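Residue indices begin at 1 and follow the sequence shown. Everything numeric in this text was worked out from a predicted model, so none of it was measured.
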Amino acid sequence: MKQKNGMTSLNNKDDVLTLLVHLGYLAYDIDSREVFIPNEEVREEFLRAIKNGARKELVEVIRQSERLLEATLRMDGDAVAEILEAAHEANTAPKFYNDEQALRSVVVMAYLSCVDHYLKFEELASGKGYSDILFLPGRASEKPALLIELKWNKSAEGAVTQIKDKNYTHVIKQFGYEGELLLVGVNYSVKTKKHTCKIENIVKKAEA
């Protein structure tokens, strides 16, 4: 990630992110090739700037994300499906609406508020395949881990069943996690454009 432009020559989002890294507002992980907010103080200031600024649509995204996480934690599958459906429709161009990767991106972005409590992992090799999305609680968090499986034209129940049948829960072994684990199955129907969600709570003990 190289700085090629000055502060008066920003041509795209990569230029903006690069500048923010050089100014110290963001940090860059060379392994994952992702930028992130480097510490709690900067993160809080960033969110405060958004909430106090004129970008009301960003404030609404944060609020919806908080609602989504709350609904997930209380295992309200209908509410989760409703919020994801609204996010999918609002943030995906019609040309890409039925694209599987578009749905994944929407789900990851919708769970933006997880940054306060979780570490996010995608496509981790686990059991007999790859788990879609894992949110692992930080050391100071008392929230359960979230393992999300996405399906297309199938069923949310089938997504949860796949997590168990293919032993995707094995993924948390490498982190030594013991505690609650919410299995979150999300399905999208191309024909009806409807989203469904099934959530199941299990306790996964770390294996020796």
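- Here the OH-CG distance, from Y118 to L69, works out to 5.5 Å after rounding to the nearest 0.5 Å.
- Shortest non-hydrogen contact noted between A156 and G185 is CB-O, 3.5 Å.
- For the residue pair K151/Q162, the side-chain donor-acceptor check at 3.5 Å is satisfied.
- At a threshold of 4.5 Å between side-chain heavy atoms, the hydrophobic network of Ile, Leu, Val, Met, Phe, Trp and Tyr places F175 and L147 in one connected group.
- Atom CG of L68 sits about 7.5 Å away from atom SG of C114, to the nearest 0.5 Å.
- Atom NE2 in H170 sits 11.0 Å away from atom OG in S131 (nearest 0.5 Å).
- Between A159 and V186, the shortest heavy-atom distance links the atoms CB-N, 4.2 Å.
- When all heavy atoms of W152 and N187 are compared, the pair lying nearest together is N-OD1, 3.5 Å.
- With hydrogens and angles disregarded, a donor-acceptor distance shorter than 3.5 Å links the side chain of S65 to the backbone of L112.
- In this structure, the side chain to side chain contact (heavy atoms under 4.5 Å, CB included) partners of K194, at least two apart in sequence or on a different chain, are E85, T192.
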Report task. Decide yes or no on side chain to side chain contact (heavy atoms under 4.5 Å, CB included) for L84 and Y188, but give the supporting numbers first. Result -> CA-CA 10 Å; L84 289 178; Y188 165 70; over 6 Å; no
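- For the pairing with P144, the side-chain contact (heavy atoms from CB on, under 4.5 Å) check across I202, T72, L73 returns one residue only, L73.
- Separating the CG atom in D76 from the CD atom in E70 is a distance of 11.5 Å, to the nearest 0.5 Å.
- Heavy-atom minimum distance, I83 versus Q64: CG2-O, 4.1 Å.
- Remark: E82 CD is loosely packed, at most 12 non-hydrogen atoms of other residues, nucleotides or ligands lying under 6.0 Å away.
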**Report entry** Derivation and outcome, side chain to side chain contact (heavy atoms under 4.5 Å, CB included), residues F121 and V171
**Finding:** CA-CA 10 Å; F121 303 90; V171 71; over 6 Å; no
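- In this structure, E123 pairs ionically with R104, as a charged nitrogen and a carboxylate oxygen lie closer than 4.0 Å.
- Checked for salt-bridge contact, K120 and E122 meet the test: a charged N lies under 4.0 Å from a carboxylate O.
- The two residues E149 and Y168 have their closest heavy-atom pair at OE1-CE1, 3.4 Å.
- Ring geometry for H88 against H195 counts as perpendicular: the plane angle is over 60°, on a 0 to 90° scale with 30° as the lower cut.
- Taking both residues in full, the closest heavy atoms of A110 and A87 are given as CB-CB, 4.5 Å, listed atom of the first, atom of the second, then distance.
- Rounding to the nearest 0.5 angstrom, the gap separating the CD1 atom in I163 from the CG atom in L181 is 8.0 Å.
- Here I172 contributes atom CD1 and L136 contributes atom CG; the two are 7.5 Å apart, rounded to the nearest 0.5 Å.
- Residues L119 and L124 are members of one and the same hydrophobic cluster, defined by side-chain heavy-atom contacts under 4.5 angstrom among Ile, Leu, Val, Met, Phe, Trp and Tyr.
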